[in-house]
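Residue numbers start at 1 and run along the sequence shown. Order of listing sets the numbers, starting from 1, for every ligand and every atom in it.
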Amino acid sequence: MKKAFITGISGQDGSYLAEYLLGLGYEVHGLIRPASRKDDALWRIESIRDQVKLHIADLGNSQQLESLVRTLQPDECYHLAAKSFAGIATGDGAAILQVNVNGTRHLLSALNSVAPECRFFFAGSSEIFGAAEVAPQTETTPFHPRSVYGESKVKGHELVHQYRDQHQLFACTGILYNHESPRRGFRFVTRKITSTAVKIKLGLEFELRLGNIEAERDWGFAGDTVTAMHACLNNVEAPEDFVIATGLTHTVGELLALAFGELDLNYESYLVIDPDFVRPKEAVPLVGDASRAKLKLGWQPRKTFEDMIREMVLSDLDYFSHLL
Ligand code: NDP
């Protein structure tokens with residue numbers, strides 16, 4: 001039985017990945033931070049709590065991590081833990097760099113020291129391309145981050161290369177484009193829209209404040225993305241980096257129309273454009289070319305954008321109706 005170790009198991013992707021690996025017969029271990037011990041922080045993995053083994057450790061504590069990895073001796077490590085909100089505000093910059101960069105460094109160092117055969121997946125981000133000049137982006141598109149979060153993911157990616165080239169670790173980065181689900185955090189625009197549409201429908205809210213609704217994104221489904229993570233470690237002989245994306249873009253306006261339409265509402269009646277949420281317009285959209293992943297990993301996204309948004313709305317409707 002293969003053993004997988006997932007950091008960020010309590011997050012959106014961690015929960016889908018854990019379910020997927022359990023289904024493949026893996027023994028699944030997850031890292032949670034001391035602050036996540038409370039049950040309400042573990043709601044996404046509630047249904048599999050008795051099938052996974054959770055370990056409390058601090059990503060900033062290299063000795064603690066090394067000791068855990070030495071004991072576990074995982075075959076595969078999926079490093080998903082991150083401060084993942086990619087807002088352009090930099091007030092939280094030091095904390096983002098601390099968790100995202102040092103956490104990755106400590107984990108790679110621990111694996112290299114005490115479990116060098118373990119295969120390592122790093123959750124990279126399309127935000128490394130930030131202000132890209134070309135679309136779609138590929139694995140060779142120059143990095144141009146425009147947020148501290150994007151910068152932290154560039155540094156993580158460089159660490160992956162360092163450990164791959166200098167220490168021969170099987171380490172790779174999945175350059176992940178936005179992916180969503182009913183388990184997405186409420187601060188992200190997709191979930192903000194689906195949950196607010198539902199609250200408006202139920203009479204709990206009366207408006208939705210957003211920035212530029214012409215903004216375009218390449219939105220995939222988290223359940224599809226995690227299958228690519230597994231393929232990155234299992235479907236190739238040597239470690240490589242892969243863009244994981246749908247290759248399709250949709251505007252925030254399309255998302256609004258779909259989400260509100262599902263509830264028989266017209267979003268224009270509730271939308272307030274709030275300058276606080278307006279982000280600088282990109283010269284070209286962030287949209288990924290996942291040809292390499294399709295060819296070498298045999299991966300492709302399955303769920304459509306429309307089906308995903310519908311599921312998110314219905315899930316939020318169920319959730320908020322029960323709170324009434
Ligand atoms: P989530 O925000 O849902 O989950 C993040 C996870 O990281 C949570 O389990 C969280 O734990 C954990 N975490 C945060 N800070 C720390 C810390 N200091 N120590 C230990 N754990 C911590 O993100 P997703 O699941 O959506 O994303 C997974 C990964 O993929 C992230 O690295 C993200 O940057 C990357 N990614 C995601 C994209 C997306 O569209 N979803 C796009 C591109 C990249 P807790 O529950 O305690 O907060």
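Looking at S126 next to ligand 1, no N or O pair under 3.5 Å apart turns up. Taking any N or O of H79, backbone or side chain, none lies under 3.5 Å from an N or O belonging to ligand 1. Residue A82 has at least one nitrogen or oxygen atom sitting less than 3.5 Å from a nitrogen or oxygen atom of ligand 1, judged on distance alone. Taking distance alone, with nitrogen or oxygen atoms compared against 3.5 Å, H179 approaches ligand 1 more closely than that limit.
Residue S10 approaches ligand 1 through these ligand atoms, each under 4.0 Å from one of its heavy atoms: 8 (C), 9 (O), 11 (O), 45 (P), 46 (O). Ligand 1 places these atoms under 4.0 Å from at least one heavy atom of G124: 43 (C), 44 (C). Interface of L80 with ligand 1, defined as ligand atoms under 4.0 Å from a residue heavy atom, comprises 28 (C), 29 (C), 31 (C), 32 (O). Listed by number with element, the atoms of ligand 1 under 4.0 Å from a non-hydrogen atom of V99 are 17 (C), 18 (N). With ligand atoms numbered from 1 in the order given, ligand 1 contributes 26 (O), 39 (C), 40 (O), 41 (N) to contacts under 4.0 Å with heavy atoms of R184. In summary, the atoms of ligand 1 found under 4.0 Å from a heavy atom of Q12, numbered by their order in the structure, are 3 (O), 25 (O), 26 (O), 41 (N). The atoms of ligand 1 that sit less than 4.0 Å from any heavy atom of G8 are 6 (C), 7 (O), 9 (O). When each atom of ligand 1 is checked for a heavy atom of G11 under 4.0 Å away, the hits are 3 (O), 4 (O), 8 (C), 9 (O), 25 (O).
Put simply, the side chain of S321 gets close to the backbone of L317: a donor and an acceptor are under 3.5 Å apart. Put simply, the side chain of N212 never gets that close to the backbone of V278: no donor and acceptor are under 3.5 Å apart. Judged purely by atom type and a 3.5 angstrom limit, T196 has no side-chain atom pairing as donor or acceptor with the backbone of I193.
Of the options I9, L72, L65, a side chain to side chain contact (heavy atoms under 4.5 Å, CB included) to L31 is made by L65 and by none of the others.
Taking 4.5 Å as the limit, every side-chain heavy atom of E19 sits out of range of all side-chain heavy atoms of V28.
Of the heavy atoms in Y177, only backbone atoms (N, CA, C, O) come closer than 4.0 Å to ligand 1. Only the side chain of K153 comes within contact range of ligand 1, with a heavy atom under 4.0 Å; no backbone atom does.
Residue pairs meeting the ring pair (Phe, Tyr, Trp, His ring centres under 6.0 Å) criterion with at least one partner in residues 46-69, sequence neighbours excluded, are H29-H55. Screening residues 289-314 for ring pair (Phe, Tyr, Trp, His ring centres under 6.0 Å) gives W219-F305, H250-F305 as the qualifying pairs, with residues at least two apart or on separate chains.
For F188, the closest heavy-atom approach to ligand 1 does not fall below 4.0 Å. Ligand 1 does not have G60 within reach: every non-hydrogen atom of the residue lies 4.0 Å or more from it.
Clustering ILVMFWY residues whenever any of their side-chain heavy atoms sit less than 4.5 angstrom apart, transitively, puts L256 in a cluster other than the one holding V272.
Using modelled atom types, one finds a donor on one side chain and an acceptor on the other under 3.5 Å when comparing N234 with H230.
Classification of the F122-F120 ring pair by plane angle, with boundaries at 30° and 60°, yields parallel.
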